[in-house]
Number of protein chains: 2
Amino acid sequence: MTAVDPSAPKSAYDRSCAATASGGTDGRAIRDVLDRIGDKWSLLVIGTLRDERLRFSELQRHIPGISQRMLTLTLRQLERDGLITRTVHAEVPPRVEYELTELGATLIEVATALAEWAIARHPLIEQSRAAYDAR
Amino acid sequence: MTAVDPSAPKSAYDRSCAATASGGTDGRAIRDVLDRIGDKWSLLVIGTLRDERLRFSELQRHIPGISQRMLTLTLRQLERDGLITRTVHAEVPPRVEYELTELGATLIEVATALAEWAIARHPLIEQSRAAYDAR
DNA sequence: CCGAATCCTGATGGATACTG
DNA sequence: CAGTATCCATCAGGATTCGG
């Protein structure tokens, strides 16, 4: 399960690697997505909204350490990208709820794969770092 | 294939989401990996080394736009994390070759999934952005 | 050829104070 | 409650120069 089939046909990844640097369409796609999920909070917000529709203050409690500013900015970006929806209820005090879209839900699948890889391989990485730093 | 099963047991992703913010072990794993592949060049270098062992100058040619400095830094990080190996051949002029490790090869699999998601969903994202900006 | 060292810029993100 | 506005520190990363 670890080896990569060298005879595999050109994959999205192959195309992306050449395309990213040369500015092709696929490359922009990869860069766009990486810029989003690569930032500090987006993936965390997505994950928090996985199976709950939450309001602003609830999100802030679920994600310790996030500032109001960053939560706002992150939510705006995700909404703009169509990964979450923002619903304002006309009440006092105001109530705003955020929910994952279908598109956002599909991202969780690949994010899960990434998270599982990270958790599974992290010990090896830490070990490698320790060995490297010890030289 | 798009929907997420709400009855699914706690996944690595669930754990990671809570753990990342609270500083748990899993959370650090996710953050570490995201900090690596989320940066500008790492994933691109990994992809370029997918099925070729390349030397420094070759990498630089394969990845247009990367500076010497960033290539060096990126390679050092990846080597430290055990994702690539660095081999110095005692010759003049010097020849240094970089190669993917087994660990690095496993990363390509999840990176491919991410790349495919990005390319497949990018049109919807762009469309959503356009709609958002038009308001 | 393969870097290391230095300088410099823009972007990211935290802290804080204020508002409808 | 759910933001907005402002200021400020940090840092990734580009350009350039020098060295083994």
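Proteins get letters first, then strands, A, B, ... in listed order; numbering begins at 1 in each. Because the structure is a prediction, the values reported are computed rather than measured.
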Can you tell me how far [atom2] of [N] sits from [atom1] of [X], to the nearest Å?
| X | N | atom1 | atom2 | result |
| --- | --- | --- | --- | --- |
| Lys40(A) | dG14(C) | NZ | C1' | 8 Å |
| Phe56(A) | dG3(D) | CZ | C1' | 6 Å |
| Met70(A) | dA2(D) | CE | C1' | 17 Å |
| Asp39(A) | dG14(C) | CG | C1' | 15 Å |

Check your understanding: Which angle, rounded to 10°, do you find between the first-five-pair axis and the last-five-pair axis of the helix from dC1(C)-dG20(D) to dG20(C)-dC1(D)?
Key ->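 End-to-end axis angle for the helix from dC1(C)-dG20(D) to dG20(C)-dC1(D): 40°, rounded to 10°.
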Point to revise | Out of dG14(D), dC2(C), dC1(D), whichever nucleotide has its closest atom nearest the side chain of Pro94(A) | key: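 Per side-chain heavy atoms of Pro94(A), the pick is dC1(D).
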Practice item. Can you establish whether the number of heavy atoms outside Arg76(B) located under 6.0 Å from its atom CZ is more than 12? Key: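 Correct, the count exceeds 12.
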Exercise for review: Ignoring backbone atoms, establish whether Arg55(B) has a side-chain N or O less than 4.0 Å from OP1 or OP2 of dC2(C).
Suggested key: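 So the side-chain polar atoms of Arg55(B) do come within 4.0 Å of the phosphate oxygens OP1 or OP2 of dC2(C), strictly under.
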Check your understanding: Step by step, would you call His122(A) with Ile30(B) a side chain to side chain contact (heavy atoms under 4.5 Å, CB included)?
Key -> CA-CA 8 Å; His122(A) 196 247; Ile30(B) 312 282; over 6 Å; no
Point to revise | Residue pair Leu49(B) / Glu99(B), side-chain heavy-atom distance below 4.5 Å | key: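 They are not in side-chain contact.
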Exercise for review: Using a strict 4.0 Å threshold on nitrogen-to-oxygen distance, state whether Arg36(A) and Asp32(A) make a salt bridge.
Suggested key: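 Looking at Asp32(A) together with Arg36(A), the answer is no, because their closest N to O distance does not fall below 4.0 Å.
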Check your understanding: What are the two closest heavy atoms between Arg55(B) and Glu58(B), and how far apart are they?
Key ->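 Closest approach of Arg55(B) to Glu58(B): N-OE1, 2.9 Å.
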**Study point:** Rounded distance (nearest 0.5 Å) linking atom CD1 of Ile84(A) with atom CG of Leu107(A)
**Key:**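 That separation rounds to 12.0 Å.
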Practice item. Output the residues of residues 71-93 of chain B in contact with DNA chain C, where contact means a heavy atom of the residue under 4.0 Å from an atom of the strand; sort by number or write none. Key: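 Contacting residues: Thr72(B), Arg76(B), Arg86(B), Pro93(B).
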Give every pair of a protein N or O atom and an N or O atom of nucleotides 15-19 of chain C that lie under 3.5 Å apart, one pair per line with the distance.
none

